[in-house]
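First comes the structure, then the notes that go with it.
These numbers come from the heavy atoms of this one structure, side chains and all, not from hydrogens, waters or symmetry mates.
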Amino acid sequence: MRTAELRMKEETAVAERRGREEEQRNTVKSFVTFFKRTQPEMSEAEVYSAIKDSVGPNFSLSDGEIREIIHQNLK
C-alpha cells in the first residue's frame, strides 16, 4: 500500500512539472510573438535577453530550451 501511495505522489509531481514546463514554453512563445509584432528587427539574442529579464527566478526552462523556442518561433 505504501509503495502505491509513493508511486501516485511521484506521478502527480511529474505531471505537475510537465504542466509547468508546458506553461513556461507557452510564455516564451507569447513573448516571441509579442516582440516579433512590436519590434521585428530584434535579434534572437535581444529577444532572449528581454525574456530572461522578464521571467522570475522560478522559471525552470533551461537557457538552451529558451533559445531553441526563440529560434523556432522567429523564423
Side-chain angles (χ1 to χ4, degrees):
M1 183 68 178
R2 180 121 171 96
T3 304
E5 281 181 44
L6 290 174
R7 188 176 318 119
M8 286 176 41
K9 287 181 181 180
E10 287 175 354
E11 289 173 0
T12 300
V14 168
E16 287 174 356
R17 181 179 47 86
R18 286 184 183 149
R20 276 192 309 274
E21 288 175 352
E22 187 60 33
E23 183 179 314
Q24 291 176 356
R25 283 186 185 88
N26 289 337
T27 298
V28 172
K29 289 176 187 177
S30 295
F31 272 121
V32 172
T33 301
F34 172 76
F35 290 127
K36 265 182 19 180
R37 288 183 183 162
T38 60
Q39 301 174 24
E41 70 284 349
M42 282 183 83
S43 68
E44 288 184 25
E46 292 170 324
V47 172
Y48 170 77
S49 179
I51 290 172
K52 287 299 280 188
D53 289 344
S54 299
V55 297
N58 295 332
F59 205 75
S60 63
L61 291 181
S62 71
D63 293 347
E65 290 172 309
I66 294 171
R67 289 181 190 274
E68 182 179 324
I69 294 168
I70 292 169
H71 180 73
Q72 290 173 351
N73 289 280
L74 276 182
K75 293 179 182 178

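- Here the NE2-CZ distance, from His71 to Arg67, works out to 12.5 Å after rounding to the nearest 0.5 Å.
- The only member of Val28, Ile69, Thr27 that meets side chain to side chain contact (heavy atoms under 4.5 Å, CB included) when paired with Ile51 is Val28.
- Panel note: side chain Ser49, backbone Ala45; no donor-acceptor pair is recorded below 3.5 Å.
- Taking all atoms of both residues into account, the shortest heavy-atom contact from Gln24 to Asn58 is NE2-O, 3.7 Å.
- At least one side-chain heavy atom of Val32 sits under 4.5 Å from a side-chain heavy atom of Leu74.
- Other members of a hydrophobic cluster containing Met8 are absent, since no ILVMFWY side chain comes under 4.5 Å of it, directly or through relayed contacts.
- Within the structure, salt bridge (Lys or Arg N to Asp or Glu O under 4.0 Å) pairs that include any residue of residues 54-63 comprise Lys52-Asp63 (at least two apart or interchain).
- Annotation: salt bridge (Lys or Arg N to Asp or Glu O under 4.0 Å) contacts involving residues 20-31, sequence neighbours excluded, comprise Arg17-Glu21, Arg25-Glu65.
- Atom CG of Leu6 sits about 11.0 Å away from atom CD of Glu11, to the nearest 0.5 Å.
- Partner of Ile70 under the side chain to side chain contact (heavy atoms under 4.5 Å, CB included) criterion, out of Phe35, Phe31, Tyr48: Tyr48 alone.
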